[in-house]
Amino acid sequence: GNSVTQMEGPVTLSEEAFLTINCTYTATGYPSLFWYVQYPGEGLQLLLKATKADDKGSNKGFEATYRKETTSFHLEKGSVQVSDSAVYFCALSVETSYDKVIFGPGTSLSVIP
Amino acid sequence: GAVVSQHPSWVICKSGTSVKIECRSLDFQATTMFWYRQFPKQSLMLMATSNEGSKATYEQGVEKDKFLINHASLTLSTLTVTSAHPEDSSFYICIVERESEQYFGPGTRLTVT
């Protein structure tokens, strides 16, 4: 079946540190991959996505590259800010599965000044 | 502006009663809507896929007789939590796919006392 695995949190970083949140997936077919962010007390928002192998999604300084050979979609940011504190969810959808989105467990990030 | 709405945004009900949650696609037709729930500090878990004009497809472990889904029109799907219990307290979210983009409803927070 389709599934998403993320590194366990919580992750605590100092401001301006480099961020990596690992994500790997298992899918039948050719998935689209997503990163969603949930700020405290809010709903999920799409952060970035990639729809085919070697695509790089980017937004707000975050990047992730769709690696088919390693079935990974790791999230990176070169310099985190306090305002990046949130929970990050890696997710996938597969067209042959009616595009339903499968979410990873989420990784909580806290950035301290 | 928002493309998916949910109503109500929050509801408190007594144990044993039923609660109906609506998900509407605004300005577009959706043959498929997805219902998720998110428990505190957890990820979104797919409950069921709502298909216009046919029966919903439930994920393993989700009781179809407890969580009634009706997708009566191309813009409206309803989720009814029947005989609600405190363990049903959660954040219920619908997601609608449109032109390969996923649009999140704002969610409904259900509290069962």
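Excluded from the calculations below are hydrogen atoms, water molecules and symmetry mates; all remaining heavy atoms, backbone and side chain alike, are included. Residue numbers start from 1 in every chain, and the chains themselves are labelled A, B, ... in the order their sequence lines are given, proteins ahead of strands.
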**Q.** Rounded distance [0.5 Å steps], OG in A:S58 versus CH2 in A:W35
**A.** 15.0 Å
Q) Atom CZ in A:F103, atom OG in B:S43: separation rounded to 0.5 Å? A) 6.5 Å
Q: Look at A:G106, A:S108, A:P105 and state which one has the largest set of heavy-atom pairs under 4.5 Å with chain B.
A: A:P105
**Q.** Engaged part of A:Q45 at the chain B interface, taking heavy atoms whose separation is under 4.5 Å
**A.** neither
Q. Parallel, tilted or perpendicular: which describes the rings of B:F28 and B:Y103, with under 30° parallel and over 60° perpendicular?
A. tilted
**Q.** Toward chain A, the part of B:L46 with a non-hydrogen atom under 4.5 Å
**A.** side chain
(Q) Listing request: all salt bridge (charged side-chain N to carboxylate O under 4.0 Å, His left out) pairs with a residue in residues 38-48 of chain A, at least two apart in sequence or in separate chains. (A) none
